[in-house]
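Following: one structure in structure tokens, then a few remarks.
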Amino acid sequence: MIKKVIITTLFLFYTFNINAQKRKEGYPFGILLNSEKEFTIFEKDTTANAVFLYERGDNYFDIVDNRIQVVKKYHAKIKIINDKGFDQSNISIPLYHHNNSTERIKEIKAVTHNGDTKINLIPSKIYEVDINDRWKDKRFTFPNVKEGSILEYSYTIVTPYIYNFNGWSFQSDIPKLYSEFNAKIPGNYVYNRSLIGSLNLSTNDATVKKGCFHVPGYPNDADCEVLKYAMENIPAFKEEEEYMLAASNYISRIDFELQTYLGLDGSKTHYTKSWKDVDREFKTDKDIGRQLTKTNFFEKNVPQELLTTGDALTKAKNIYNFVQNHYTWNGKYGIYRDIRVKEAFDEKKGNIGEINISLINLLNSAGIKTNLMLLSTRNRGLPKKAHPVMSDFNYIVAKIKIDEKDYLLDASEKLNPFGMLPFRCLNYYGRVMDFKNDSYWYDIKPEEINKQIIRTQVKFNLEENKIEGITKALSMGYNAVSKRNLIHKNSEDEYLNILEDKNKAITITSYELNEEKSNDKKVSEKYTYEINDASFDKLIYFNPFVFKFFSENPFTLEERNYPVDFGYKKGYKYNAIVVIPEGYALKELPTKKSIAIAGNQGNLQFECSKHSNNITVNFSLSLNQTFFPAENYSALKELFKHVTDVQNNSLIVLEKE
């Protein structure tokens, strides 16, 4: 037994060293290791349908067609575990082009390994697809793919876009056993680089190689920085769940950004600017800076009392409402081009830049100091704070201060309350462009009170075999905005059909929107309903949750290596009074539950009690944080497991006397 253990250990050690050596040198194309052939399951994620066995990229600078270009070599092997992984056989390779410059791809090789059989991709099966005026794809599909196939491919891209040295993504939609990125960068190209995501590098090497880059006509060769980054056992990045910011915030990768180019003639070009540089450029920019100076135009084209009547807050609200009602948003953002506020005002339609710059002009005309704030929407990455990257921003809002209170304003949505940004803007922070002073970062703070409150009374109509109820529903904060938009976009019948589809057991018999108890941050509704074809036997089993906030757990992943982000704090309350019908007595109530997680960042309270001839049901779910880090995911998932269990499986049992 001891000998067997030693022999096995030596064999594993020998195999590991061979694999490590091959990783270091790079796998020869077309050669499979026994461990790759025998691989059947990724133990860290047994649900994976396919796995990268190996992935490597080599990027270096070279003289191609008498100009300096970047050469990008790529090599990968993918194991197909089951038929659900067949979609990994469809390969798309994006290529960028602009004006007379284009990225070129060559040396595409692809082979399907089925055991010892190799099926090569026929070059005629490679085709090109135009995506838009800047991008096209090279595409192909691996032949003869089946369960257990290993798909291997490689290619080389030559790109003239030196400033667009993109780096490397370690994570993808399937797991990876090993992913490695290598680069050789001449010393006269200085790049900022950053590691994004929560995963750690297994290899992080940087060395200098002397005289590695030669440009014809120049006597001295440039030294190069030689980089090697690698990760092992990389989990898949799964976007299967709700409540997250842009995936680009979390996918583990290395990003590069050209900071400075040191010319071979001794010149120096800075690509990464300071905020002072950006502030100065914005003042003279024709699309933003100059459009912010159109106060005279607006003063002549709006009612004078709009700019003069009331105190500062009253004027601000009136101007905000005027812009909301005057413009219709065309669905475009348009912050760096195509901003023409005069044309937009005349046409009563515009993009985000035109609408909110018009708002800024009007507020400044009314004597309310207003600054423009740049931000990035939730579906994009967070802006980098270390230095300006203007492409990080895609949105403009207005910032004002009245009586020492700050307000962020976006007038593009007709039903959005004053001081509440649309949900798409809740992306943590933005950059305020104060042209008289320095620009600065400013935190975006969502509305604090965002609740759904449902109060319902339930009676059993034994004679007609139906259940009758009356409900009062109150929506607050962002829930009220969503509710208002839903009501506004539909007729009353269409809206009631939506409510009935969401709560399939009920038929709504009357409805009232209580405008007296509603405002721009609150919607109050009242309706009666019936549940027909109810069965009343010796025992009545009744789930008091006629209306459910969460019928299914939104969190189902075994592991989530990125945070949960709700955007704003959330609260849910459900109160039901169930009238015990004559001739019946209470036999059983659901079990009480009280659960809190992560220092009361989220909690659930549920209790049923009997008072005279009524049963009172109280349910409360509070999410007191907008953001839950990945390490709290399992606790949040468990909390919602109890939430859905309470709503779906809580039964009141009544017994006939």
Side-chain ion pair, [X] and [Y], N-O less than 4.0 Å:
X	Y	value
Lys72	Asp58	no
Lys77	Glu36	yes
Asp392	Lys384	yes
Asp65	Arg67	no

Between [X] (side chain only) and [Y] (backbone N and O only), is there a donor and an acceptor less than 3.5 Å apart?
X	Y	result
Thr644	Phe550	no
Asn99	Ser101	no
Glu38	Ser35	no
Gln259	His270	no
Asp434	Tyr440	no
Ser482	Tyr478	yes
Ser169	Gln171	no
Asn632	Leu636	no
Tyr429	Pro383	yes
Asn371	Val432	no

How about [X] and [Y]: do any of their side-chain heavy atoms sit closer than 4.5 Å?
X	Y	result
Leu375	Asn427	no
Phe42	Thr47	no
Glu241	Leu557	yes
Ile196	Ser194	yes
Ile93	Asp137	no

For this session: Please determine, by modelled atom types, if Asn182 and Glu180 share a side-chain donor-acceptor pair under 3.5 angstrom.
Result: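 Indeed, the side chains of Asn182 and Glu180 share at least one donor-acceptor pair under 3.5 Å.
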Of the non-hydrogen atoms in [X] and [Y], which two are nearest, and what is the gap between them?
X	Y	value
Arg378	Phe423	CD-O, 3.0 Å
Val64	Val158	CG1-CG1, 4.1 Å
Ile80	Gly85	CD1-O, 3.3 Å
Glu55	Ser179	OE1-OG, 2.8 Å
Ala76	Phe52	CB-CE2, 3.8 Å
Gln88	Leu151	O-CD1, 4.0 Å

Do [X] and [Y] have their ring centres less than 6.0 Å from each other?
X	Y	answer
Trp135	Tyr96	yes
Phe628	Tyr633	no
Tyr189	Phe61	yes

Nearest 0.5 Å, what's the [atom1]-[atom2] distance between [X] and [Y]?
X	Y	atom1	atom2	answer
Lys176	Phe237	NZ	CZ	13.0 Å
Ile150	Lys37	CD1	NZ	8.0 Å
Ile68	Asn188	CD1	CG	7.0 Å
Glu103	His98	CD	NE2	13.0 Å
Met373	Leu408	CE	CG	4.5 Å
Tyr250	Glu239	OH	CD	11.0 Å

For this session: Please confirm whether Lys238 makes a cation-pi placement over Tyr562, using NZ or CZ under 6.0 Å from the six-membered ring centre and within 45° of the ring normal.
Result: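 Not satisfied by the 6.0 Å and 45° rule.
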Exercise. Could you walk me through whether Thr260 and Lys268 pass the side-chain contact (heavy atoms from CB on, under 4.5 Å) check?
Worked result: CA-CA 7 Å; Thr260 305; Lys268 181 184 289 188; 3.6 Å; yes
Exercise. Tell me the side-chain hydrogen bond (donor to acceptor under 3.5 Å, both in side chains) pairs involving residues 146-155, sequence neighbours left out?
Worked result: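 Sorted result for residues 146-155: His75-Glu152, His113-Glu152, Asn114-Ser149.
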Problem set entry | Heavy atoms from other residues, nucleotides or ligands near NZ of Lys276 exceed 12 (cutoff 6.0 Å) |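 Incorrect, the count does not exceed 12.
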Problem set entry | Other residues, nucleotides, ligands: >12 heavy atoms within 6.0 Å of Asn132 CG |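 Yes.
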Specify whether [X] and [Y] have parallel, tilted or perpendicular ring planes, treating 30° as the upper limit for parallel and 60° as the lower limit for perpendicular.
X	Y	result
Trp168	Tyr74	tilted
Tyr54	Tyr178	parallel
Phe555	Phe640	perpendicular

Problem set entry | With sequence neighbours excluded, residues passing salt bridge (Lys or Arg N to Asp or Glu O under 4.0 Å) with Glu43 |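 Salt bridge (Lys or Arg N to Asp or Glu O under 4.0 Å) list for Glu43, sorted by chain: empty.
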Exercise. Which residues pass the salt bridge (Lys or Arg N to Asp or Glu O under 4.0 Å) test with Glu225, sequence neighbours left out?
Worked result: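 Arg193.
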For this session: Take Val389 and Glu257 through the test side-chain contact (heavy atoms from CB on, under 4.5 Å) and record every step on the way to the result.
Result: CA-CA 9 Å; Val389 181; Glu257 182 188 12; 3.3 Å; yes
For this session: Would you check, one step at a time, whether the test side-chain contact (heavy atoms from CB on, under 4.5 Å) holds for Asn553 with Lys637?
Result: CA-CA 8 Å; Asn553 191 338; Lys637 178 180 175 181; 4.2 Å; yes
Name each donor-acceptor pair under 3.5 Å that joins a side chain in residues 441-448 to protein atoms two or more places apart or in another chain, with its distance.
residue	atom	partner	partner atom	Å
Tyr442	OH	Asp406	OD2	3.2
Glu447	OE1	Lys521	NZ	3.2
Glu448	OE1	Lys569	NZ	3.0

For this session: Using side chain to side chain donor-acceptor pair (under 3.5 Å) as the criterion, list what pairs up with Tyr395, not counting sequence neighbours.
Result: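 Testing Tyr395 for side chain to side chain donor-acceptor pair (under 3.5 Å), a comparison that skips the adjacent residues, returns Asp410, Arg424.
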For this session: Would you please test Thr112 and Asn144 for side-chain hydrogen bond (donor to acceptor under 3.5 Å, both in side chains) and show each step?
Result: CA-CA 7 Å; Thr112 303; Asn144 299 85; over 6 Å; no
For this session: Would you sort out whether Gln69 and Arg104 count as a side-chain contact (heavy atoms from CB on, under 4.5 Å), showing the intermediate values?
Result: CA-CA 11 Å; Gln69 302 196 55; Arg104 293 178 291 114; 4.2 Å; yes
Which side-chain N or O atoms in residues 204-214 pair as donor and acceptor under 3.5 Å with protein atoms at least two apart or in another chain?
residue	atom	partner	partner atom	Å
Lys210	NZ	Asp223	OD2	3.4
His214	ND1	Asp221	OD1	2.7

For this session: Test side-chain hydrogen bond (donor to acceptor under 3.5 Å, both in side chains) on Asn351 and Asn330 and set out the steps.
Result: CA-CA 6 Å; Asn351 57 40; Asn330 62 15; 5.6 Å; no
